[in-house]
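Take a look at the structure set out below.
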Number of protein chains: 2
Amino acid sequence: MDAVYTAPGYLFRRMQQIAVAIFVEECKAYDLTPVQYASLVSIRTHPGIDATRLSAVIAFDRSTLGSVIERLEAKAYIERKPSPGDKRTKLLYLTKSGAALLRDIIPSVERAQARILQPLKPADRKTLMALLTQLVDLNNEASRVPLRAEGALEHLGKSG
Amino acid sequence: MDAVYTAPGYLFRRMQQIAVAIFVEECKAYDLTPVQYASLVSIRTHPGIDATRLSAVIAFDRSTLGSVIERLEAKAYIERKPSPGDKRTKLLYLTKSGAALLRDIIPSVERAQARILQPLKPADRKTLMALLTQLVDLNNEASRVPLRAEGALEHLGKSG
DNA sequence: TCCATATTGTAAGTATGCTGTCAATCGAGA
DNA sequence: TCTCGATTGACAGCATACTTACAATATGGA
């Protein structure tokens, strides 16, 4: 038996595969990927955020996020507007169509998230989520794009 | 606070990011990715396996595995030989160089796997791994490339 | 033997995810 | 004010991941 099957890295890769497959299956009517969904949700929460701050808020790579934004703009779910104060940045806003999509897709997303954990007993689901949340938080700095949920927005005039 | 932070799918994506980052950091002296490592280990365990069966054994997409194999061959860690019985398939073998690399890299890989779980208390590590193993197994069919660890080798003359 | 069907490797197309680099721009300090 | 360092978005390049499609080949049944 290959040792890889018991390695944490292998198991997390498998779970990521499985989670994405379930998400895509539940949401196929909407043609939206998990990454695109998370981006839309965060833009709704932080209207007028720029791409760099968005990448910190959802812990996506800045380079990758560029093409994600491009696709969301092509589908007319978001708009990019030049920043009045900073000629380098472009501010992101949901369109009406993007807001409507988000409203409609939420039941499918929740079904997907539930299906991921469904095979476990309810008590085990809670335990797993608690440990996973803890581990992600404690390992935050280990990834190349650490999550900066609040700190990233300090210069946006939204906090503090 | 964005709801995405508590979704299982989001947490698994983050852990995958973190696990890959730690693996790459620990193994950077060897220029080998997690996927390439898993492929080498499985080829060592199953010498003469073909690409399709390898993809089932490590639950990688068959298309993706093609380019992985190409890169491993370019680095001279594996060889592809035509199958005597089936003109369609090419059989995979570790080269001396590939076997040596695998021997040398193992301490780094083990360090990486340990680091991924390190922030948790030992008892919590065991709990998390047990639940994760269970969940991956129970969700096996949900991914597009289910693991077929043993069944995939039945036609290779290695089992039963 | 012949043929419908399946398998295998490969390729094209799309989407993350990361490493670099670069020009434009900004901001702070001399 | 001028200049140096940092930031921002964009791009190139590499590596997974998945979908679909296709030609070559195998295989089982008529």
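Letters A, B, ... mirror the listed sequences (proteins, then strands); counts begin at 1.
Between B/Arg148 and B/Glu141 there is a salt bridge, with a side-chain nitrogen of the basic residue lying less than 4.0 Å from a carboxylate oxygen of the acidic one.
A/Leu65 places its CG atom 15 Å from the C1' atom of D/dC11, with the value rounded to the nearest Å. Nucleotide C/dT16 holds its P atom 13 Å from the CD atom of B/Gln17, rounded to whole Å. Per the geometry, CD belonging to B/Gln36 stands 17 Å off P belonging to C/dC18, to the nearest Å. B/Arg71 places its CZ atom 13 Å from the P atom of C/dT10, with the value rounded to the nearest Å. Between the P atom of D/dA12 and the CD atom of A/Glu70 lies a distance of 11 Å, rounded to the nearest Å. Between the CD atom of A/Gln16 and the C1' atom of C/dA15 there is a distance of 12 Å, given to the nearest Å. With rounding to whole Å, B/Lys28 atom NZ is found 14 Å from C/dT19 atom C1'. The nearest whole Å value for the distance from the CG atom in A/Asp61 to the P atom in C/dT19 is 7 Å.
When all heavy atoms of B/Ala99 and B/Leu94 are compared, the pair lying nearest together is CA-CD1, 3.9 Å. The minimum heavy-atom distance between A/Ser55 and A/Leu65, with the atom names listed, is N-CD2, 3.5 Å.
Remark: B/Arg53 is not in phosphate contact with C/dT7, judged by side-chain N or O atoms under 4.0 Å from OP1 or OP2. Checking the phosphate oxygens (OP1, OP2) of C/dT10, a side-chain nitrogen or oxygen of B/Lys90 falls inside 4.0 Å. Of the side-chain N and O atoms in A/Ser67, none sit less than 4.0 angstrom from OP1 or OP2 of C/dT16. Phosphate contact (OP1/OP2 of C/dT10, side-chain N/O of B/Arg80, threshold under 4.0 Å): present. Under 4.0 angstrom from either OP1 or OP2 of D/dA10 there lies no side-chain N or O belonging to A/Arg62.
Within 4.0 Å (heavy atoms only), B/Thr89 reaches sugar-phosphate atoms of the nucleic acid but no base atom. Contacts of B/Val68 with the nucleic acid, taken as non-hydrogen atoms under 4.0 Å apart, involve only primed sugar atoms and P, OP1 or OP2.
Toward the 5′ end of DNA chain C lies the nearest nucleotide of A/Thr33, the other residue of the pair A/Thr33 and A/Arg88 mapping further downstream. Ranked by how close their nearest DNA chain C nucleotide is to the 5' end, A/Pro34 and A/Ser63 are led by A/Pro34.
Rounded to the nearest 0.5 angstrom, B/Ile18 CD1 and B/Ile116 CD1 are separated by 9.5 Å.
The residue from A/Arg14, A/Met15, A/Gln17 that alone fulfils the side-chain contact (heavy atoms from CB on, under 4.5 Å) condition with B/Phe12 is A/Met15.
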